[in-house]
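First comes the structure, then the notes that go with it.
All figures in this text were calculated on a predicted structure; none of them were measured in a lab. Count residues from 1 along the sequence.
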Amino acid sequence: MMHLAAFMFTPGSHSAGWRHPEAVPECDMDFRQYAHIAQVAESGKLDAVFFQDTVAVNGSASLDGAGPYRPRQGRTAYLEPTTLLSALAIVTQRIGLIATATTTYNEPYNLARRFASIDHISNGRAGWNLVTSQIEDEAGNFGADHHMAHAERYERAEEFFDVMAALWDSFGDGALIRDKDSGIYVDTAKVHLQNHRGKHFAVRGPLNIARCPQGRPIVTQAGSSGPGMELAARTADLVFTAQSDLGEAQAFYADLKARAAKHGRNPDHVKIMPGLMTIIGATEEEAQARYRELQGLLADENSMRLLARLCGDLDIFAYPPDAPLPPLPLSNAAQARQRHLVEKAKRENLSIIQVARYLATSLGHHLLVGTPATIADTMEQWVKAGACDGFTLLSPYYPAPLERFVAQVVPELQRRGLFRTEYAGTTLRDHLGLPVPPNRYEM
């Protein structure tokens with residue numbers, strides 16, 4: 001059985017998708033739209049909805065007092081995802097709820113408390129997407145003149161996870177007695193201090209929340225650089241990655257599973273789910289027409305700005321747009337995504353503007369344009385070929401593309417016996433087939 005999660009990047013993962021006649025761009029700030037999208041995903045029995053987050057307005061760091069910020073692309077404002085998950089927990093029953101929260105500009109105690117609360121509110125459906133911040137825009141919002149270096153971000157993230165995981169074990173099962181007759185509220189023998197003192201954090205503990213229904217929330221990770229893969233192999237239950245070539249995906253899958261085994265983990269307990277955007281039509285012609293309509297909305301200026309962020313110190317605007325992509329200096333942003341673009345450009349002989357349009361279309365993720373059957377064919381091929389355990393579904397805009405996927409592709413996958421027809425459990429761990437981790441203090 002493959003796993004499926006709906007990636008939520010309002011008003012759409014296609015940088016111009018919000019302009020489509022079907023699109024509801026107000027979904028970036030309208031809770032009713034978020035609720036509808038989550039309920040659509042739940043009706044398709046998807047494992048989870050998965051929310052992106054950035055703690056800044058993209059592109060704002062380049063202003064430097066030069067004038068007002070006038071972005072033409074979407075994804076400028078949207079609701080804070082952990083707050084949103086708490087509300088979505090009330091209007092859904094079974095689907096998992098995953099939110100991104102950066103380790104670069106947060107503190108472990110507050111974040112551990114927030115996600116544990118969501119897990120209790122949702123009865124065991126919470127997940128934390130552990131990321132290190134990529135963009136320079138965020139630094140200025142947290143008292144920093146420059147963004148933290150890549151290696152330092154991952155060093156901090158490693159320690160951040162260790163503190164979070166220990167805090168989630170603060171209370172043993174049954175620690176809260178609440179016995180009125182005896183007057184005993186808590187079994188103090190089952191309450192554990194952390195007393196962590198490391199390079200980046202000093203945290204005494206304990207967390208003031210009882211143990212989560214899932215033991216601890218699911219941890220997802222989206223880094224595919226060397227340090228990102230090591231972090232994922234050691235910590236992640238679910239890995240959101242970007243591959244658009246079958247061989248590339250198979251190599252990543254084998255590498256990450258092997259790394260997990262070296263960390264003493266069961267590789268089957270690390271679910272790898274690359275991003276996938278689908279453009280669906282009743283016929284191939286209809287699907288291609290929908291794709292052409294979307295691409296006609298793209299502005300090359302915006303596409304080039306997206307690419308420029310991943311070009312390190314290189315001024316990509318100094319090159320002719322129809323020239324081959326030049327060698328790129330190492331970026332302090334998303335190094336794995338930069339490498340993916342460079343390899344794809346070389347493999348497919350893409351020009352600079354073609355790479356930029358690809359990035360603007362699907363954020364650098366795999367794009368499938370076709371009928372429900374042909375899309376299901378490729379998804380089946382990837383899972384059976386050992387390239388992934390499932391997919392994280394990107395939508396160019398909301399809500400129609402996800403509605404089409406649930407109404408047309410999910411039944412095709414179910415007909416082939418590749419996807420569930422009903423939830424087998426109640427928690428996100430149940431959906432992913434993962435065990436509840438033991439409490440480290442009570443093993």
Side-chain angles (χ1 to χ4, degrees), residues 1-5 7 45-50 94-100 103 112 115-116 118-119 122-131 157-158 160-169 173 211-224 227-241 243 249-275 382-392 418-420 423-443:
M1 289 289 175
M2 71 173 63
H3 298 282
L4 297 174
F7 184 65
K45 315 305 178 187
L46 271 61
D47 295 70
V49 287
F50 187 131
R94 306 290 280 279
I95 195 163
L97 303 167
I98 301 172
T100 298
T103 60
F115 278 99
I118 296 168
D119 206 52
S122 66
N123 293 315
R125 295 186 283 136
W128 169 41
N129 181 34
L130 186 170
V131 301
E158 292 273 0
F160 200 112
F161 168 81
D162 290 340
V163 177
M164 289 269 283
L167 285 167
W168 282 327
D169 284 344
D173 292 328
R211 186 161 164 82
C212 297
Q214 296 187 99
R216 70 178 188 214
I218 290 292
V219 175
T220 75
Q221 220 281 318
S224 297
M229 291 181 72
E230 276 301 301
L231 180 63
R234 187 171 76 86
T235 68
D237 303 298
L238 187 159
V239 179
F240 174 38
T241 182
Q243 284 89 36
Q250 289 171 316
F252 179 89
Y253 186 88
D255 187 354
L256 190 57
K257 296 277 185 171
R259 291 178 191 236
K262 288 180 181 178
H263 283 286
R265 302 183 63 198
N266 183 341
D268 291 339
H269 294 166
V270 183
K271 306 300 182 182
I272 299 175
M273 297 170 60
W382 276 48
V383 170
K384 289 187 174 179
C388 62
D389 297 302
F391 300 90
T392 305
L418 296 170
F419 191 65
R420 67 172 69 87
Y423 290 113
T426 60
T427 71
L428 181 50
R429 284 191 183 277
D430 291 337
H431 305 340
L432 294 171
L434 302 177
V436 173
N439 189 314
R440 73 192 59 208
Y441 302 110
E442 300 183 355
M443 295 174 64

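Asp162 pairs by the salt bridge (charged side-chain N to carboxylate O under 4.0 Å, His left out) definition with Arg234, not counting sequence neighbours. Residues satisfying the ring-ring contact (aromatic ring centres under 6.0 Å, His included) criterion with His431, sequence neighbours excluded, are Tyr423. With sequence neighbours left out, Asp268 forms a salt bridge (charged side-chain N to carboxylate O under 4.0 Å, His left out) with no residue at all. Here Trp168 pairs with nothing under the ring-ring contact (aromatic ring centres under 6.0 Å, His included) rule; sequence neighbours left out. Considering only residues two or more places apart in sequence or on other chains, Arg94 meets the salt bridge (charged side-chain N to carboxylate O under 4.0 Å, His left out) condition with none of them. Qualifying ring-ring contact (aromatic ring centres under 6.0 Å, His included) partners for Phe240, counting only residues two or more places apart in sequence or in other chains: Phe7, Phe50, His365.
Residue Val270 comes nearest to Ala260 through the heavy atom pair CG2-CB, 3.9 Å, listed as atom of the first residue, atom of the second, then distance. Closest of all the heavy-atom pairs between Lys384 and Leu418 is CE-CD2, 4.2 Å. Heavy atoms only, all atoms of each residue included: Leu238 and Met273 are closest at CD1-SD, 3.5 Å. Here the shortest heavy-atom pairing between Lys257 and Pro267 reads NZ-O, 2.9 Å. Summarising the geometry of Gly96 relative to Leu428, their closest heavy-atom pair is CA-CD1, 4.0 Å, with the distance given to 0.1 Å. Scanning all heavy atoms of the two residues, the minimum distance from Phe161 to Thr235 falls at CD2-CG2, 3.3 Å.
Formation of a donor-acceptor pair under 3.5 Å by the Arg125 side chain with backbone atoms of Ile95 is found in this model. Using modelled atom types, one side-chain atom of Arg429 and one backbone atom of Pro435 make a donor-acceptor pair closer than 3.5 Å. Side chain of Asp255 to main chain of Ala251: no donor-acceptor pair is present (N/O by atom type, distance under 3.5 Å, no hydrogens or angles). No donor-acceptor pair under 3.5 Å is formed between the side chain of Arg259 and the backbone N or O of Ala232. Of the possible polar contacts, one joining the Asp169 side chain to the Arg440 backbone as a donor-acceptor pair under 3.5 Å is found. Using modelled atom types, one side-chain atom of Gln250 and one backbone atom of Ala385 make a donor-acceptor pair closer than 3.5 Å. In this structure, the side chain of Asp47 engages the main chain of Leu4 through a donor-acceptor pair within 3.5 Å.
Note: Gln221 CD to Asn129 CG = 7.5 Å, rounded to the nearest 0.5 Å. Note: Thr392 OG1 to Lys271 NZ = 13.5 Å, rounded to the nearest 0.5 Å. How far CD of Glu158 is from CG of Leu130: 9.0 Å, rounded to the nearest 0.5 Å. In this structure, the separation between CG on Leu167 and CZ on Arg216 is 12.5 Å, given to the nearest 0.5 Å. If you take NZ on Lys45 and CZ on Phe419, they are separated by 9.5 Å, rounding to the nearest 0.5 Å. Note that OG1 of Thr427 and CG of Asn123 are 10.0 Å apart. Values are rounded to the nearest 0.5 Å.
Using a 4.5 Å cut-off on side-chain heavy atoms (C-beta onward), Asn439 and Asp173 make no contact. Here the side chains of Met229 and Phe252 are in contact, with some heavy-atom distance below 4.5 Å.
A donor atom on one side chain and an acceptor atom on the other are not found under 3.5 Å apart for His3 and Asp389.
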Could you give me the CA-CA distance, side-chain angles and deciding distance for Met164 and Trp128, then say whether side-chain contact (heavy atoms from CB on, under 4.5 Å) is met?
CA-CA 11 Å; Met164 289 269 283; Trp128 169 41; 3.6 Å; yes
